Amino acid sequence: MKRFIAVLSAGLLATGAVLATSASAQAAACGSGNFCAWTDANYQGQKIEWPGDDGWWEGNIADQDSSWANHGISGPGIKDHVKVYASANQLGPMTICLAPGQEAGYNGVANDRGDSHIWATGC
């Protein structure tokens with residue numbers, strides 16, 4: 001009986017560890033085919049979604065971006081990477097580039113620097 005309880009306890013602990021890991025590894029809420037940016041780290045705060053390029057981020061997202069997700073669609077010849085730039089019309093330095101499916105809950109170099117982005121075939 002003691003062995004049964006020990007095995008059961010170990011199984012429950014392992015299940016709890018898996019559940020805890022799964023909860024923290026959730027994907028960012030961003031629509032299929034879109035690039036998303038949030039004003040706060042870990043996909044919190046105001047979110048903006050774009051299906052295409054944007055040469056000038058307006059409102060509360062410009063220079064306020066702290067997390068990003070690329071949920072673009074991939075395929076041969078499709079622009080599926082997202083390049084974020086520190087100035088309007090992609091004139092400044094690139095702050096971050098995301099491959100298809102890539103998400104960044106925070107990046108110290110890119111934090112609060114985004115002003116525009118384009119979809120590209122690579123980084």
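What you are looking at is a predicted structure, and each value in this text was computed from that prediction instead of being measured.
Heavy atoms from other residues, nucleotides or ligands lying under 6.0 Å from CG of Asn60 number 12 at most.
Applying the ring-ring contact (aromatic ring centres under 6.0 Å, His included) test to Trp38 and every residue at least two apart in sequence or in another chain returns Tyr43. Contacts of Glu49 classified as side-chain hydrogen bond (donor to acceptor under 3.5 Å, both in side chains), with partners at least two apart in sequence or in another chain: Asn34, Lys47. With sequence neighbours excluded, no residue satisfies salt bridge (Lys or Arg N to Asp or Glu O under 4.0 Å) with Lys83. Shown here are the side-chain contact (heavy atoms from CB on, under 4.5 Å) partners of Asp53, two or more places apart in sequence or in another chain: Ile118, Trp119. Gln44 pairs by the side-chain contact (heavy atoms from CB on, under 4.5 Å) definition with Asp40, not counting sequence neighbours. Taking Ala110 as the reference, Trp68, Thr95, Ile96, Asn107 meet the side-chain contact (heavy atoms from CB on, under 4.5 Å) condition, with sequence neighbours excluded.
The structure places CE of Met94 at 14.0 Å from NE2 of His117, a figure rounded to the nearest 0.5 Å.
Checked by atom type and distance alone, the side chain of Ser66 pairs as donor or acceptor with a backbone atom of Thr39 at under 3.5 Å. Of the possible polar contacts, none joining the Asp65 side chain to the Ala37 backbone as a donor-acceptor pair under 3.5 Å is found. The backbone N or O of Ile61 sits nowhere less than 3.5 Å from a side-chain atom of Gln64 that would complete a donor-acceptor pair. Although no hydrogens or angles enter the test, the distance criterion places no donor-acceptor pair under 3.5 Å between the side chain of Ser116 and the main chain of Trp56.
Note on residues 71-81: pairs passing side chain to side chain donor-acceptor pair (under 3.5 Å), not counting sequence neighbours, are His71-Glu103, Ser74-Asp80. Residue pairs meeting the disulfide (SG to SG under 2.5 Å) criterion with at least one partner in residues 42-123, sequence neighbours excluded, are Cys97-Cys123. Sorted by first and then second residue, the disulfide (SG to SG under 2.5 Å) pairs involving residues 36-77 (not counting sequence neighbours) are Cys30-Cys36.
Cluster partners of Ile73 are absent, since no Ile, Leu, Val, Met, Phe, Trp or Tyr has side-chain heavy atoms less than 4.5 Å from it.
Leu98 and Trp57 fall within the same hydrophobic cluster, defined by Ile, Leu, Val, Met, Phe, Trp and Tyr side-chain heavy atoms under 4.5 Å apart, directly or through other members.
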Problem set entry | From CA spacing to verdict: side chain to side chain contact (heavy atoms under 4.5 Å, CB included), Val84, Phe35 | CA-CA 10 Å; Val84 177; Phe35 164 63; 3.6 Å; yes
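Between Ser87 and Asp115, the side chains place no donor N or O within less than 3.5 Å of an acceptor N or O (distance only, hydrogens not considered).
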